[in-house]
Structures are given as C-alpha cells and as structure tokens.
Amino acid sequence: MVSAYVRSGRFHDAINCFYLFLLTSGVRPDSYSFPSVLKACGNLVDGKKMHCWVLKLGFEWDVFVAASLVHMYSRFGFLSAARKLFNNMPVRDMGSWNAMISGFCQNGNAAEALEVLDEMRLEGVKMDPVTVSSLLAVCSQSDDSLSGMLIHLYVIKHGLECDLFVSNALINMYAKFGSLGNAQRVFDQMEVRDVVSWNSIIAAYEQNDNPIIALGLFNKMQLIEIQPDLLTAVSLASIVAQLSDCQSGRSVHGFIVRRGWLMEDVVIGNAIVDMYAKLGAIDSARTVFEGLPVKDAISWNSLITGYAQNGLASEAIEVYRMMEEHKEIIPNQGTWVSILPAYSHVGALQQGMRIHGRVIKNSLYLDVFVGTCLVDMYGKCGRLDDALSLFYHIPRMSSVPWNAVISCLGIHGHGEKALKIFNEMLVEGVKPDHVTFVSLLSACSHSGLVDEGQWCFRMMQEEYGIKPSLKHYGCMVDLLGRAGRLEMAYNFIKNMPIQPDASVWGALLGACRIHGNYELSTFASDRLFEVEPENVGYYVLLSNIYANVGKWEDLDKVRSLARNRGLRKTPGWSSIEVNNKVDVFYTGNQTHPKCEEIYNELKVLTTKMKSLGYIPDLSFVLQDVEDDEKEHILTSHSERLAIAFGIISTPLKSTIRIFKNLRVCGDCHNATKFISRITEREIIVRDSNRFHHFKDGICSCGDYW
DNA sequence: CCTTTAAGCG
C-alpha cells in the first residue's frame with residue numbers, strides 16, 4: 001500500500017498510511033516498507049523523524065534501509081549525515097554508492113556527486129547503468145559538457161549503450177547541449193525505444209527551434225503505436241505554438257482535455273496557457289488559466305508573460321497585482337522576468353524599483369536574466385545612470401546584458417558611449433551576436449554617427465560572419481536617411497541582397513518626413529503599401545509629409561486610401577506615473593478628474609511660452625482647419641496633457657517622466673523645451689523611438705531625431 | 001534500495 005502511494009506520487013498519503021500501520025497494528029514493518037516510505041520522505045521534509053523510527057526498530061543494519069537513508073540525506077544536501085551513515089554501512093554494494101550519488105544528482109549537486117564518483121573509482125568499483133544515468137542527468141543540468149562526453153566515452157568502452165535508461169539520458173543531455181546530431185545518433189542506435197526515448201528526441205528538436213522535425217517524429221511515434229503521454233503533450237503544445245498553427249493548438253487542447261490531463265497536472269495546464277499566449281489567443285489562455293484546478297507560480301508567470309508579449313502591459317501588471325494577493329503563491333525569478341518588461345513598457349519606474357528591492361531580498365540580483373531586465377527597466381524609465389551602474393554589478397559573460405545596456409544608451413542618444421561599451425565588451429572577450437549589432441546600429445543612427453555605423457555594419461559581416469537581417473538593413477537605411485543622405489539610403493536599398501520589407505521602406509519614408517522630400521516619399525510609400533498595406537502608421541507618416549508641404553489633395557487621397565482599407569489611426573496616448581499609479585492621457589482627453597486644472601495650466605503656460613518666443617508650428621496638424629483650431633489641437637496633444645498633469649501633481653522643480661506610444665510631435669518637442677525652462681524642471685519624454693531629455697530650454701537630442 | 005523525459009523569462 002505504501003509503495004503504491006509512492007509510485008503514484010502521493011507522498012503524504014504514503015507517510016500517513018505508514019504511521020497508521022506502525023501505531024495501530026503493532027506489527028513490525030519489514031525491510032521492504034522502510035525504503036518506500038523513506039523515498040516518500042525524501043520528496044517531502046520529515047526524514048529525521050523516520051530515521052528515528054528506523055533506529056528504534058533496529059533497521060539501521062539492513063542494507064536496503066540504510067541505502068535509502070543515505071539517498072534521502074544526500075538528496076537534501078545533508079552531506080555529513082549521508083556520509084556518516086555511508087561510512088557505517090555494513091556492506092557497501094553498488095546500490096549504496098548509487099544511492100549516495102543519485103541523491104546528490106537529484107539535488108543538482110554536481111560537484112559533490114562527481115567527488116563521490118572519484119572515491120568510488122579509487123576503491124575500484126565500476127559505474128553501472130544506474131550510476132551513469134544519474135550522472136548524465138546532472139551533467140546536463142549543470143551544463144558540464146566535458147564530464148558528459150567523458151561519461152559517454154566510458155559508456156561506449158564498457159558497452160553500456162544498450163541500456164535503455166543510459167541511452168535516454170544521453171539523448172536528453174545532448175539535446176540540452178544543443179548537439180542534435182549526437183542526440184539523433186544515440187536514438188538511431190537504440191534497439192529498444194520506450195515512450196521516454198520518443199519524448200526525449202521530440203523534445204530535443206522542439207527545444208532547439210526545430211518544430212517541423214519534432215512534429216515528424218511525433219507522427220512516426222504514433223505510426224508505430226507508441227502511446228503519447230503527458231510529457232509528449234507538453235512538447236506538442238510548444239511545437240504548435242512555434243509553428244503558429246492555431247487550429248492544431250485547439251486540437252492539442254482538446255486531446256489533453258479528453259484525457260483529463262488538464263485537471264491532473266499543473267505542468268500541462270501551464271504549457272497550454274503558454275501555447276495560447278504564443279498563438280496570440282490571449283483570451284483562450286486566460287480562460288484555460290481560470291479553469292486550472294491548481295495554479296502555481298509558473299501558471300501566473302505564463303499569463304503575465306502572455307499579456308506582456310501581446311503588447312498588453314497594463315493587463316500584465318493587473319495580473320501580477322492579483323498574483324500578489326494570493327499569499328500562498330511565491331513569486332520567483334521567472335515572475336520578475338515577466339513583470340519587469342511590462343513595467344519598462346509603460347514606464348512604471350516606482351513599481352519597477354519595488355521589484356528591484358524584492359530581487360535583492362531574494363538574492364536574485366546576480367541572476368543574468370533578472371539583472372538584464374532591471375537594466376532595461378531603469379534605462380527605459382529614464383534612469384540611465386542607474387541602468388549603467390547596475391550593469392557593472394551583474395554577471396556579464398554573455399552578450400545579453402551588453403545588448404540591453406547598448407540599446408539603452410542608443411535610445412538615450414548616447415551613440416559614442418554605446419560604441420565605447422561595445423569596445424569594452426570586445427576587450428572582456430564577450431562575443432557580440434546579431435542582437436548586439438541591431439542595438440549598436442540603432443545607437444549610431446540616433447546620434448547621427450554615420451561613419452561609425454557603416455564601420456559596424458562591415459565589421460559585423462567581415463569579422464563575425466553575421467549575415468545582416470532585415471532589422472540590420474532597416475537600421476542602416478535609418479542611419480543614412482536621418483543624416484539626410486536620402487540618395488545613399490535609396491541606393492543602399494536597391495543593392496540589398498534580400499527583399500526589403502516594410503520596416504526598411506518605412507525607415508526611408510521616415511527620413512523623407514524629416515528632410516521633406518516629396519518625390520522620394522511618394523515612391524517609398526508606393527513600395528511600402530505593396531508590402532504592408534495594413535499598417536496605419538505609414539499612412540499617418542505620409543499624411544504628415546503632405547500636410548507639411550501643403551499638398552492637401554494628396555493628403556485627402558492617402559486618407560481615403562486608408563479609410564477604404566478599413567484602417568483607423570492608432571490613438572496617441574501618453575502616460576505618467578504619479579504616486580505609484582500610472583495615469584494615461586489620450587489626445588483631446590476631457591474625462592480626467594483633473595481635466596479643468598490641466599487645461600488651465602496649459603493656457604497659462606502657453607501665454608508664458610509665447611512671450612519667450614514660442615511660435616506654434618501648425619504644419620504638424622493634419623486637419624485642414626482654421627489656425628485657431630489648429631493651435632487648440634496642438635495644445636491638447638496627449639504628451640502636453642500628461643506634462644501639465646505632472647506639473648500640477650508633483651513637487652515644484654521635480655523631474656517629470658512621460659511616456660508616449662507614438663513619436664513625439666515636433667511642435668510638442670519645441671513646446672517642451674520652453675516648458676522645461678519656465679518651470680525649471682527636467683522633463684524626460686520617452687516616445688516609441690527614443691528618449692528626449694529637456695532641461696533649461698534645450699533637448700539632449702539637439703533636435704536630431 | 002539506487003537510474004532517464006516537464007512548463008514560464010533575455
């Protein structure tokens with residue numbers, strides 16, 4: 001009975017059953033029941049108590065029972081207790097060694113496990129399939145490919161390859177290391193394969209971004225009538241998400257529901273939540289999440305990430321708030337990595353800093369993922385200095401934190417500094433990847449560093465053998481175009497070895513907007529509407545160009561073109577965080593509780609601005625209306641409402657941080673310069689493109705934007 | 001008695 005409970009994972013029931021038996025029946029347990037119940041204890045916590053019972057009933061000389069105790073203690077990481085028992089063992093068989101080693105392996109304690117292994121070798125005891133399987137698992141967990149390969153050599157030398165467990169462990173290990181060839185070779189050599197073998201090889205391809213081969217293997221597995229289990233389904237969910245196959249997603253969901261697995265195991269539920277989120281069906285993800293009988297931290301993390309990745313940052317923040325209300329759910333590293341990007345996205349600095357505090361409390365501040373998210377958060381919330389000093393305190397062996405800090409410097413317009421940090425990266429021996437160069441090129445383009453950008457683009461290909469992607473090309477067009485070299489940018493596009501996409505033509509069109517090139521903008525927009533006719537942003541951009549040069553008929557044409565395609569202008573909004581709360585303003589907003597005060601403040605400001613020489617630039621208004629009306633439209637732009645709200649709601653002369661979902665309008669940019677001078681405040685505006693730091697009537701970007 | 005496969009995040 002006890003062992004039946006253990007096999008089905010009901011450890012509490014196993015232990016309770018054992019105690020009931022012990023205390024009521026008066027019959028001595030035998031040497032078979034103790035090992036089972038000790039295994040249950042190893043999965044929970046009260047092993048000490050059970051150890052007492054072993055001693056009380058005189059079972060400590062039983063080899064099996066003693067080995068179980070050793071395993072339990074080494075699994076908890078109680079080195080000395082395990083060792084003491086081990087040294088006192090009457091007989092040391094293979095099982096005792098394995099008990100000790102596997103305990104450490106299951107604990108993730110690779111170093112200890114390998115130490116015991118050395119000892120075992122010194123005593124002339126050879127590894128058996130059990131030892132090997134345990135060790136291979138821990139090598140893959142701890143990324144120790146060297147030890148893993150050595151063990152594989154041992155396996156070949158001693159003919160252990162034919163063992164099912166050993167082969168399965170090898171497939172898993174090679175999958176973890178990304179060597180799919182080796183994993184496949186082991187799989188092909190196997191004479192007998194069980195469901196674990198199939199799951200392992202399917203997961204190998206699925207986890208290494210090869211969903212098509214993974215799916216093929218799944219079909220093969222069904223053909224030879226191996227029944228898929230829960231773990232197969234977990235891989236399957238990820239496969240269909242990678243293939244963005246919504247319909248198959250629904251089938252996988254149905255398959256799992258029919259088998260009742262969704263109610264049985266939280267892991268598969270989480271996998272389905274993640275699958276729907278990745279397929280963009282965030283509402284389905286929410287529904288599955290709500291229906292889960294048990295939710296753990298990963299369930300919550302998956303939903304938060306799902307919202308954040310679908311661009312729904314406020315929903316992600318709301319879900320995190322709900323998660324905090326469930327005291328029994330303890331947020332972990334994954335939670336911070338899910339929620340921090342959402343805070344970055346809306347500029348919720350104060351809330352992000354609260355997370356920073358918790359991260360330090362949980363000693364997770366040295367985690368590369370969390371550290372990178374924090375750097376990104378500080379950078380994107382306008383605290384560049386904090387982002388930089390934090391960067392130097394987190395591990396930076398991989399390119400990931402470097403990419404984040406370079407990108408932050410770029411959006412703040414510090415191109416030179418970004419290049420300097422890139423140089424530091426090379427000096428420290430960190431290899432740049434394709435993301436590094438996207439960050440770097442965009443940093444150059446924001447700062448007008450044309451030559452440096454071209455140098456980076458060449459170096460990327462010649463020294464690092466990275467083939468430029470559309471993102472890189474887009475950055476280059478932006479770099480040349482912004483700097484006014486429109487002809488060069490256009491020739492650059494013509495010479496591209498791959499088909500330019502909308503982002504590339506969009507960069508050219510954006511440059512035309514800045515430099516007012518009517519002819520080229522017409523040409524660029526024609527190409528643009530061929531490849532991406534449904535992006536409303538480009539119609540607005542083109543309207544801006546036409547309005548600027550007074551081509552009202554052309555503007556009307558663009559408008560009706562967009563209208564005929566059923567497109568509506570993305571509403572502009574700006575947000576500001578005051579007292580841990582994010583307020584959002586839409587252009588022309590009349591519903592905010594402080595609405596009247598905001599418009600009054602703007603009226604007062606505008607008068608002062610005009611006396612200092614501010615002239616509204618009416619060319620930024622797309623509507624063909626009277627000048628008075630145009631001026632009013634400019635004044636009610638969302639960024640201006642947010643700034644005015646900031647002025648009346650925060651202490652005098654304190655810094656104001658604004659977020660805008662689209663690009664800041666040129667007139668608002670000019671106006672903010674005046675406002676910063678009048679109110680003696682630093683005003684930091686982050687728009688969809690970059691940061692603008694306004695202070696004493698000037699902007700850090702030097703109007704290069 | 002001791003052995004293999006699990007979901008989220010840059």
Side-chain angles (χ1 to χ4, degrees), chain A residues 3 31-32 34-36 38-39 42 62-72 74-75 93-103 105-106 127-138 140 160 163-173 175-176 194-204 206-207 229-235 237-238 241 265-275 277-278 296-306 308-309 332-341 367-376 398-404 407 435:
Chain A
S3 57
S31 39
Y32 294 103
F34 261 123
S36 272
L38 282 168
K39 187 174 178 175
D62 184 293
V63 179
F64 288 176
V65 176
S68 303
L69 277 170
V70 167
H71 180 68
M72 186 186 75
S74 62
R75 203 182 148 163
D93 63 352
M94 208 52 231
S96 342
W97 284 106
N98 285 340
M100 184 102 145
I101 293 173
S102 76
C105 291
Q106 285 171 15
M127 294 195 274
D128 74 349
V130 177
T131 332
V132 167
S133 316
S134 299
L135 285 169
L136 286 172
V138 83
S140 46
L160 299 177
D163 185 89
L164 187 64
F165 279 78
V166 170
S167 297
N168 290 346
L170 279 169
I171 297 173
N172 281 302
M173 184 186 75
K176 199 66 168 285
D194 66 353
V195 67
V196 178
S197 325
W198 283 97
N199 286 347
S200 303
I201 194 73
I202 291 171
E206 173 257 307
Q207 305 253 338
D229 67 1
L230 198 135
L231 268 69
T232 325
V234 169
S235 288
S238 164
D265 196 320
V266 65
V267 173
I268 187 70
N270 295 345
I272 295 294
V273 171
D274 177 58
M275 177 194 78
K278 288 219 170 82
D296 64 3
I298 296 180
S299 322
W300 288 92
N301 298 350
S302 304
L303 191 65
I304 294 170
T305 309
Q309 290 184 341
N332 57 23
Q333 181 242 19
T335 315
W336 313 135
V337 183
S338 313
I339 190 64
L340 283 170
D367 181 273
V368 180
F369 294 94
V370 176
T372 303
C373 287
L374 282 169
V375 168
D376 181 74
S398 89
S399 63
V400 174
W402 293 92
N403 297 347
S407 148
V435 183

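Within every chain, numbering begins at 1; the chains are lettered A, B, ... in the order of the sequence lines, protein sequences first and strands thereafter. Just so it is clear, the model here is predicted, and its values are computed rather than measured. These values consider heavy atoms only, across backbone and side chains, with no hydrogens, waters or symmetry-generated copies.
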Assign [X] to base, sugar-phosphate, or nothing according to its heavy-atom contacts below 4.0 angstrom with the strands shown.
X: A:D128; result: nothing
X: A:S398; result: base
X: A:D296; result: base
X: A:V267; result: base
X: A:N199; result: base

Look only at the side chain of A:T232 and the backbone of A:D229, and say whether a donor-acceptor pair between them is shorter than 3.5 Å. yes
Can any side-chain N or O of A:D274 pair as donor or acceptor with the backbone N or O of A:A277 at less than 3.5 Å? no
Nearest whole angstrom, please: distance from the [atom2] of [N] to the [atom1] of [X].
X: A:L230; N: B:dA6; atom1: CG; atom2: P; answer: 13 Å
X: A:I171; N: B:dA6; atom1: CD1; atom2: P; answer: 13 Å
X: A:I268; N: B:dA7; atom1: CD1; atom2: C1'; answer: 9 Å
X: A:N270; N: B:dA6; atom1: CG; atom2: P; answer: 15 Å
X: A:L231; N: B:dT5; atom1: CG; atom2: P; answer: 10 Å
X: A:D274; N: B:dC9; atom1: CG; atom2: C1'; answer: 10 Å
X: A:I304; N: B:dA7; atom1: CD1; atom2: P; answer: 19 Å
X: A:E206; N: B:dA7; atom1: CD; atom2: P; answer: 7 Å

Check: B:dT3 base within 3.5 Å donor-acceptor of A:S133 side chain: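 It does, because a donor-acceptor pair links the side chain of A:S133 to the base of B:dT3 below 3.5 Å.
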Does any N or O donor sit under 3.5 Å from an N or O acceptor when you compare the side chain of A:N332 with the base of B:dG8? yes
The side chain of [X] lies closest to which of these nucleotides: [options]?
X: A:V130; options: B:dT4, B:dG8, B:dT3; answer: B:dT3
X: A:Q309; options: B:dC9, B:dC2, B:dA6; answer: B:dC9
X: A:A169; options: B:dT4, B:dC9, B:dT3; answer: B:dT4
X: A:F369; options: B:dG10, B:dC2, B:dA6; answer: B:dG10
X: A:A137; options: B:dT3, B:dG8, B:dT4; answer: B:dT4

Side-chain N or O of A:K278 versus OP1/OP2 of B:dA7: is the shortest distance under 4.0 Å? no
Ignoring backbone atoms, test whether A:Q207 places a side-chain nitrogen or oxygen under 4.0 Å from the OP1 or OP2 oxygen of B:dT5. no
State, with a plain yes or no, whether a side-chain heavy atom of A:L135 is found less than 4.5 Å away from one of A:M127. yes
I want to check something: taking the side chain as every heavy atom from C-beta on, are A:V267 and A:L231 in contact at a cut-off of under 4.5 Å?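 Heavy-atom side-chain distance check fails, nothing below 4.5 Å.
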Pairwise distance CG(A:N332) to CD1(A:I298) - rounded to 0.5 angstrom: 6.5 Å
Just by distance, with hydrogens left out, do A:N98 and A:T131 show a side-chain donor and acceptor under 3.5 Å apart? yes
Going by centres under 5.5 angstrom and planes under 30 degrees, do the aromatic ring of A:F165 and the base ring of B:dT3 stack?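 Check passed, A:F165 stacks on base of B:dT3.
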